Amino acid sequence: MILVTGGAGFIGANFVLEWLARSEEPIVNLDKLTYAGNRANLESLDGDARHIFVQGDIADAVLVSEILARYQPRAILNFAAESHVDRAILAGEQFIQTNVLGVFRLLEAARAHWTGLQGQEKSAFRFLQISTDEVYGSLPPGAVAFTESDRYEPNNPYAASKAAADHLVRASCRTYGLPVLTTNCANNYGPYQYPEKLMPHMITSALAGNPLPVYGDGRQLRDWLHVKDHCDAIRMVLALGVPGETYNVGANAERCNLEVIRSICLLLDHMHPTSRAGGYSAQIVHVADRLGHDRRYSVDASKIMSKLGWRARHSFDSGLRETVSWYLNHAAWIDVAQSRAASR
Ligand code: NAD
């Protein structure tokens, strides 16, 4: 059994579904079900005894300790987080609560549990922190991609909270010997992403006939990775990663935001034509730039490729087409996700 936290969110739900499609090993899934957590992401697992869902907070030390004592997971994979940069800029406190204090309490509970294990169970135990490339800060144009040894220079409250968490994870290993692993991943895209994030936001806004807001000049470069490739990487790091090590995950697929938005419009023009003159691109509008907006993120994934043999399976173009098609075919899911946010 493994413990996944935040498994009703975008990446966590994809991970749970992918894991149980490949393995009989059960998952206990601890999720607070914030606006971003959605049980509908996991409805295909209803009645599946391999998936045990617990609604709760990673910062609830008593609950986490009870889960660890009851289910005795061999690993904890922490996906739970407040994850949206715009929300962090408007109101950062919940980001500190979950991403920093929550991770600290989860680590403490993990350490107490691990300390009580013996022999093979103890040496095989892992704590895997799912982190982001945003901790490295903004990469200058033309500079080589960030490696695992680059220093952390987070520029927004979300990235700062994730950086703090990564430091706590590292410290748990250096101070107490807790066998931790960290992945720092590029921007993910794919099914089940909450429609406040760039791709689903643009797809849903385009279909609703709303403006497609581009921050600033739209030339901010992001490194895009299909969520299923990220899930593959996490499984490999869990199985083969060296405790105490961090692994960058990215597919060397840098695109600027404006290019991504234009590509989405072109795909929608083809798959779901609009009668408006100029197609969906006519809905693009430039708005004031995000505060502290990083110009470029890019990670060098050669370590996970050479040491663990990971490779991305999705090209950006085919992954984007598949993603646009998924949202077109899941209007009911979009309604549920949007109504969850509206009711909070
Ligand atoms: P998400 O916002 O879609 O999902 C987060 C999940 O965590 C939700 O189900 C939410 O209910 C749950 N959650 C929030 N606070 C919680 C708490 N205190 N206790 C328990 N559960 C809680 O986020 P995501 O995009 O799936 O990201 C998952 C992880 O991957 C995050 O740690 C994020 O920093 C990291 N990450 C995301 C990306 C990306 O592009 N989305 C890229 C790299 C890393």
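For clarity, every value in this text was computed on a predicted model and none was experimentally measured. Residue numbers start at 1 and run along the sequence shown. Numbering of ligands and ligand atoms starts at 1, following listing order.
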| said: Using a 6.0 Å cut-off, check whether atom CG of N252 has over 12 heavy atoms from anything other than its own residue. | reply: no

Check your understanding: Would F79 and Y189 show up in the same hydrophobic cluster when neighbours are defined by side-chain heavy atoms closer than 4.5 Å?
Key -> yes

Chain-and-number sorted residues having a heavy-atom contact under 4.0 Å with ligand 1 are G6, A8, G9, F10, I11, D31, K32, L33, T34, A36, G37, G56, D57, I58, F79, A80, A81, S83, T98, I130, S131, T132, Y158, K162, C185, A186, N187, N188

Open item on the list: Does any part of the side chain of K197, heavy atoms only, come nearer than 4.5 Å to the side chain of F10, both counted from C-beta?
Closed with: no

Connected to V144, directly or through other members, by ILVMFWY side-chain contacts below 4.5 Å are none

L268 and V324 have their tightest heavy-atom pair at CD2-CG1, 3.7 Å

- Hey, can you tell me if W326 and H330 have their rings parallel, tilted or perpendicular (30° and 60° cut-offs)? parallel

